[in-house]
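As the structure is a computational prediction, the values presented were derived from the model and not from experiment.
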Amino acid sequence: ETRPTLFMGVPLMYNKIKENVLSNNALLIKIMISVSNILRKVGIDIRKKMFKKIHDFFGGKYFFGCSAGSLLSYDTNKFFDDVGLPIYNVYGMTETSGPVAMNYKNNNDYNSVGKILNINTVKIISENKNEIGEIWVKGSNVFKGYIGNKKVNCIENGYFDTGDMGYIKNDFLYVKGRKKNILIGDNGKNIAPEELIGKLLQYKEINDANVLMKNNRIYAIINTELKDNKVKEIIDKINIKLPKHKKISGYEITQRKIK
C-alpha cells in the first residue's frame, strides 16, 4: 500500500477530487470547515481528525501537494487548505529547468503562482506600469537555446520570454494568461481569457468554455446541459466580482465540443 507524502498534479485532478468529496456531504463538510476555521483562530487545529476520511483517501501521510500547468482556482485551493491538505501553486517550464516561482508554507497566496525564487530575476515588460505585461526570466536555470536553432528569438540579454502575461506584487508572481491569447478591449486594456474560463469552469455543471471578443464585448461560449436562466445566474455571479472591462457581456450555450 502506497502512502505518499507529496502529491504533484494539475488543477483538473484536484478539482475532480474536490467534486467527489463534496458530491454526497457538501453541506456537512462546509459546516465542519466553518467550525474548524473558528477553532484555528484560537489556536486549536483538529483538521486531521475532523477530516480523517479525506486524509485517509490520500493515504494518511499527506504533507503537501503541488499544482502546475495552470493556476489552481482560489476556491479549490482554499478548500484543501481548510481540510488540512495544503496545495501550493508552482510556476515553471522546461526552458527554465523547473520552478521560477512557488508557494510554500507560510508564504501561500491562493491567487499567485508563487514567490519568485532567488535563483531567478523576473521582469515584466509593459507599456504601462499598472498593467499586466510579458513575463521575462533570467537566471542560471534558464536554458541557452534550442538544439539546432542558433538564433533563438525568445532570448534577449539573457532573459527568456516565457510567452506568459502577468505582474509582480510583493515578490509574488501573478500569471494572467498566454500572450498569444490576450484579448484587448476597446479601452485598450488587456484581458486574459484563461482567467474568465477558469471562473466558468469552477461550476461543475459547465463542461467546457471559451471566451472571445465579439463587437468589442467579451463573449462566452459555454458547453453545458443547463438551461439559459441558470447559465445567466452563473454569469451574473461571476460578473459581480469583476471590473467593468472584464465583465462577460454575452454568451451562447452549445453541446458541441469547444476547440
| field | side-chain contact (heavy atoms from CB on, under 4.5 Å) evaluation trace for L22 with F79 | value | CA-CA 10 Å; L22 293 175; F79 168 78; 3.9 Å; yes
Return the minimal non-hydrogen interatomic distance between [X] and [Y], and the atom names on each side.
| X | Y | answer |
| --- | --- | --- |
| S126 | G133 | CB-CA, 3.8 Å |
| M8 | C66 | SD-CB, 3.4 Å |
| G166 | I124 | O-CG2, 3.6 Å |
| K123 | I125 | CE-CD1, 3.7 Å |
| P193 | I182 | CD-CA, 4.2 Å |

Enter the distance from [X]:[atom1] to [Y]:[atom2] here, rounded to the nearest 0.5 Å.
| X | Y | atom1 | atom2 | answer |
| --- | --- | --- | --- | --- |
| D208 | I197 | CG | CD1 | 8.0 Å |
| N37 | D81 | CG | CG | 9.0 Å |
| N210 | I221 | CG | CD1 | 5.5 Å |
| N111 | N108 | CG | CG | 10.0 Å |
| L173 | N120 | CG | CG | 10.0 Å |
| K214 | S249 | NZ | OG | 12.0 Å |

| said: Using the rule given for salt bridge (charged side-chain N to carboxylate O under 4.0 Å, His left out), can you reason through E195 versus K246, listing the C-alpha separation, both sets of side-chain angles and the distance that settles it, and then say yes or no? | reply: CA-CA 10 Å; E195 178 184 358; K246 290 185 179 179; 3.0 Å; yes
Which residues satisfy the side chain to side chain donor-acceptor pair (under 3.5 Å) test with [X], sequence neighbours excluded?
| X | value |
| --- | --- |
| N223 | N207 |
| D75 | none |
| R217 | none |
| K18 | none |

Quick one: does [X]'s side chain get under 4.5 Å of [Y]'s, heavy atoms only?
| X | Y | answer |
| --- | --- | --- |
| I87 | L72 | yes |
| L226 | Y203 | no |
| V10 | S70 | no |
| F64 | L85 | no |
| I44 | R40 | no |
| M165 | V175 | no |
| I116 | M102 | no |
| L117 | V100 | no |

Residues that [X] engages under side chain to side chain contact (heavy atoms under 4.5 Å, CB included), provided they are two or more places apart:
| X | result |
| --- | --- |
| M32 | L28, M50, F51 |
| L71 | N89, V113 |
| M213 | L183, I191, I218 |

Check: [X] side chain, [Y] main-chain N or O, donor-acceptor pair, under 3.5 Å:
| X | Y | result |
| --- | --- | --- |
| E19 | K204 | no |
| T162 | I135 | yes |
| Y62 | P86 | yes |
| S34 | K30 | yes |
| S36 | I33 | no |

Scan [range] for pairs that pass side-chain hydrogen bond (donor to acceptor under 3.5 Å, both in side chains), counting only residues two or more places apart or in two chains.
| range | value |
| --- | --- |
| residues 165-178 | D109-Y174, D164-R178 |
| residues 97-106 | none |
| residues 225-242 | D228-Y251, K232-D236 |
| residues 45-57 | D45-R47, K52-D56 |

Is there a path of hydrophobic side-chain contacts, each under 4.5 Å between heavy atoms of I/L/V/M/F/W/Y residues, joining [Y] to [X]?
| X | Y | answer |
| --- | --- | --- |
| I238 | V211 | yes |
| Y14 | L201 | no |
| I184 | L196 | no |
| F143 | V122 | yes |
| Y219 | L200 | no |

| task | Begin from the C-alpha positions of V231 and I222 and carry the test side-chain contact (heavy atoms from CB on, under 4.5 Å) through to its verdict. | result | CA-CA 9 Å; V231 173; I222 300 169; 3.8 Å; yes
| said: If we check side-chain contact (heavy atoms from CB on, under 4.5 Å) with V142, which of these qualifies: W136, Y159, F160? | reply: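 Running side-chain contact (heavy atoms from CB on, under 4.5 Å) over W136, Y159, F160 with V142 returns exactly one hit, F160.
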| Could you walk me through whether N107 and F172 pass the side-chain contact (heavy atoms from CB on, under 4.5 Å) check? | CA-CA 9 Å; N107 281 277; F172 279 86; 4.3 Å; yes
| More than 12 foreign heavy atoms under 6.0 Å from CG of N215: is that the case here? |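 Atom CG in N215 is not packed in, count stays at 12 or less.
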| To which residues is Y110 joined in a hydrophobic cluster, defined by side-chain heavy-atom contacts under 4.5 Å among Ile, Leu, Val, Met, Phe, Trp and Tyr, whether direct or through other members? |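 Under the 4.5 Å side-chain rule, Y110 groups with Y74.
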